[in-house]
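Take a look at the structure below.
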Amino acid sequence: MSENPDRSLRTLLRRLKMDLGPLRDSRDFRLLFGSGAVTMFGAFLTLVAVPLQMKELTGGSYVAVGLVSAAEFVPMVVCGLWGGAIADALDRRKIILSTEAGLCVTVVILMVNATLPSPQIWVLYVVGALSAGLGSLQRPSLESLMPRVVRHDQLAAAAALTGFRWNLGAIVAPGLSGLIVVWFGFAAAYGVNVVTFLVSLALLWLVKAPPRAEDAPPASMRALVEGVRYAMSRPDLMGTYLVDVAAMVFAFSTALYPFLADELGVPEAQGLFFSAAAIGSLIASVTSGWTGHIHRHGLGVIVAAIVWGAAVAVAAVMPTVWGVFACLALAGAADMISGVFRSTIWNQTIPDEFRGRLAGIELLSYTSGPMLGNARAGLMAQLGGARFSLGAGGLLCLGAVVAMAGRLPGFRDYDARTDEHAVKEHARREALGDNEA
């Protein structure tokens, strides 16, 4: 007898539905989720306000605005690695609270500077560098806290929920931030950001995380090297880093969107292109329930990266705005799914004593890739135009990912049900109890 179509449809919809289990079952995850949502809106306020204020103070200097990002790069790299070392050596909750308070102070400085009769340009550069450093110090501790507050079997769902929060915020927050800056001014925008940090601090204060292990290694260069060696000894982990970096370097091309919009004769469409990936990612996260039934996470990352590259390559030949938008949205959805599977591998297999240092490496891999990708896109566009750069980048991404899949069988064949690291970590957490792991 054939299966009832209505029952099949209900089963499909149930598999697609986002798993809200981590929010329902973990008080600490709810607190971290709420803190992240509030902080993200505040971060977009400053992200929008600082370049606009720099543009106003310098009379529209492109170089001055671009140097804000340049000032942030070195502190981000250095503090990201050191943040991983201290996350494994010290109390992660205290690190998160201290850096969150420091980030709040940096925004207070921006607010005070904005109220001066003559706001100082150097303050924007110094505070930009300080905030990048503090954020990078915090990120490894924040990410390595996730496996401690979420059940082992719910880590994929937690990654999808975190992605949903980010993607929804990336769609809504920039527009609202721009309106607040335009309507109320820079000081008011920074002031609202201060309030968001205070709310976030209150939520983070309530988080109850297990203390660090007594035999945790002290933060040092030796500890950093040990973390790098551990990562290199794991082909499955190296695959997550290398595939993501290749996908971003070869196919990340947001720098081309204004030129692509001009070629299509619709310059105002560049905003649509910038939002396409976030919309695709949001749809992927809302329908991410099926990811909890996948165990071949390495293969999932590879397939998602292939879809990402193919979508970018096809976007290069699309003759209409909506065709390009659809391709970029598909690329964003694929990137979201790749992120869920990469995060699941990390959280389900990395021992807690290495989690902070590995989170520091992860931070470098997914922040440097887009920067290098835009640089690659600009150089290739200089040689052959925006569409050439977009299409060639997508094809290079496909070739690089397929090559890596062939050279990294340990990553390609990874299975959470049989992988020794995943099985060992699952057994450890069961022995301790998930709420104590």
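One-based numbering along the sequence shown. Since this is a predicted model, take the numbers as computed values, not measurements. All values below were derived from every heavy atom in this structure, side-chain atoms included, with hydrogens, water molecules and symmetry-related copies excluded.
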- Query: Where the side chain of Ser338 meets the backbone of Ala334, is there a donor-acceptor pair that is under 3.5 Å apart?
  - Reply: no
- Item | Smallest separation among heavy atoms of Asp419 and Tyr414, with atom names | CG-CE1, 3.4 Å
- Query: Do Lys424 and Glu420 meet the salt-bridge criterion of a basic N to acidic O distance under 4.0 Å?
  - Reply: no
- Message: Using the side chain to side chain contact (heavy atoms under 4.5 Å, CB included) criterion, which residues pair with Trp183? Sequence neighbours excluded.
- Response: Leu179
- Does Ser281 offer a backbone N or O that forms a donor-acceptor pair with the side chain of Ser285 under 3.5 Å? yes
- Message: If we ignore hydrogens and angles and just use 3.5 Å, is the side chain of Thr58 paired with the main-chain N or O of Met54 as donor and acceptor?
- Response: yes
- Item | Between NE2 on residue His297 and CZ on residue Arg342, distance to nearest 0.5 Å | 13.0 Å
- Rounded distance (nearest 0.5 Å) linking atom OG1 of Thr240 with atom CD1 of Ile361: 10.0 Å
- Query: Is the side chain of Arg92 donor-acceptor paired with the backbone N or O of Ser141 at a distance under 3.5 Å, no angle test?
  - Reply: no
- Can you tell me if Arg357 uses its side chain to pair, donor with acceptor, with the backbone of Leu224 under 3.5 Å? no
- Message: How close do Met248 and Gly369 get, counting heavy atoms only, and between which atoms?
- Response: CB-C, 3.5 Å
- Note on the structure: Rounded to the nearest 0.5 Å, the CG atom of Leu372 sits from the CZ atom of Phe250 at a distance of 10.5 Å
- Query: Taking atom CG of Asn347 and atom CD of Gln154, what is their separation to the nearest 0.5 Å?
  - Reply: 13.0 Å
- Item | For Ala284, all residues meeting side chain to side chain contact (heavy atoms under 4.5 Å, CB included), sequence neighbours excluded | Ala333, Met336, Ile337
- Task: Any salt bridge (charged side-chain N to carboxylate O under 4.0 Å, His left out) involving residues 38-48? Give me the pairs, sequence neighbours left out, ordered by first then second residue.
- Result: none
- Item | Ser389 side chain to Ala377 backbone, donor-acceptor under 3.5 Å | yes
- Hits for ring-ring contact (aromatic ring centres under 6.0 Å, His included) against Phe325, two or more places apart or cross-chain, chain-then-number order -> Trp322
- Message: Asp335: which residues meet the side chain to side chain donor-acceptor pair (under 3.5 Å) condition with it, sequence neighbours left out?
- Response: none
- Item | Which atom of Glu143 lies closest to which atom of Glu362, heavy atoms considered | OE1-OE1, 3.5 Å
- Message: How close do Ile283 and Thr287 get, counting heavy atoms only, and between which atoms?
- Response: O-OG1, 2.8 Å
- Query: Once you round to the nearest 0.5 Å, how far does CG of Leu134 lie from OG1 of Thr99?
  - Reply: 7.0 Å
- Item | Flag if over 12 foreign heavy atoms under 6.0 Å of CZ, Arg27 | yes
- Message: Please verify the inter-ring angle class for Tyr230 with Phe354; under 30° counts as parallel, over 60° as perpendicular, anything in between as tilted.
- Response: parallel
- Note on the structure: With sequence neighbours left out, the residues meeting side chain to side chain donor-acceptor pair (under 3.5 Å) with Thr349 are Arg234
Ignoring hydrogens and angles, write down the donor-acceptor pairs under 3.5 Å from the side chains of residues 186-194, residues two or more places apart or on other chains.
unit_1: Tyr190; atom_1: OH; unit_2: Gln53; atom_2: OE1; d: 2.8
unit_1: Asn193; atom_1: OD1; unit_2: Thr196; atom_2: OG1; d: 3.1
unit_1: Asn193; atom_1: ND2; unit_2: Gly42; atom_2: O; d: 3.0
unit_1: Asn193; atom_1: ND2; unit_2: Thr46; atom_2: OG1; d: 2.4

- Message: Please determine whether side-chain contact (heavy atoms from CB on, under 4.5 Å) holds for the pair Val423 and Thr418, giving the CA-CA distance in whole Å, both sets of side-chain angles, and the decisive distance to 0.1 Å.
- Response: CA-CA 6 Å; Val423 171; Thr418 57; 5.6 Å; no
- Message: Between Ser200 and Thr39, is there a side-chain donor-acceptor contact under 3.5 Å, judged purely by atom types and distance?
- Response: yes
- Tell me, please, which residues at least two apart from Asp262 pass side chain to side chain donor-acceptor pair (under 3.5 Å). none
Cut-off 3.5 Å, no hydrogens considered: what does the side-chain donor-acceptor table look like for residues 301-308, sequence neighbours left out?
unit_1: Trp308; atom_1: NE1; unit_2: Ala247; atom_2: O; d: 3.0

- Message: My understanding is that only residues two or more places apart in sequence, or in another chain, count here; which of them pass ring-ring contact (aromatic ring centres under 6.0 Å, His included) with Phe41?
- Response: none
- Non-neighbouring partners of Arg229 that pass salt bridge (Lys or Arg N to Asp or Glu O under 4.0 Å), sequence neighbours left out: none
- Query: When you measure from the side chain of Asp28 to the backbone N and O of Val207, does any donor-acceptor pair fall under 3.5 Å?
  - Reply: no
- Message: Check whether Arg93 reaches the backbone of Trp205 with its side chain - one donor and one acceptor, N or O, closer than 3.5 Å.
- Response: yes
- Partner residues of Tyr257 under the side chain to side chain donor-acceptor pair (under 3.5 Å) criterion, sequence neighbours left out: none
- Item | Side chain Gln120, main chain Ser118, donor-acceptor under 3.5 Å | yes
- Task: Please report the shortest heavy-atom distance between Ala251 and Gly394, naming the atom on each side.
- Result: CB-CA, 4.4 Å
- Is a side-chain N or O of Ser26 found less than 3.5 angstrom from the main chain of Pro22, in a donor-acceptor match? no
- Item | Separation between CD1 of Ile350 and CD1 of Ile345, rounded to the nearest 0.5 Å | 9.5 Å
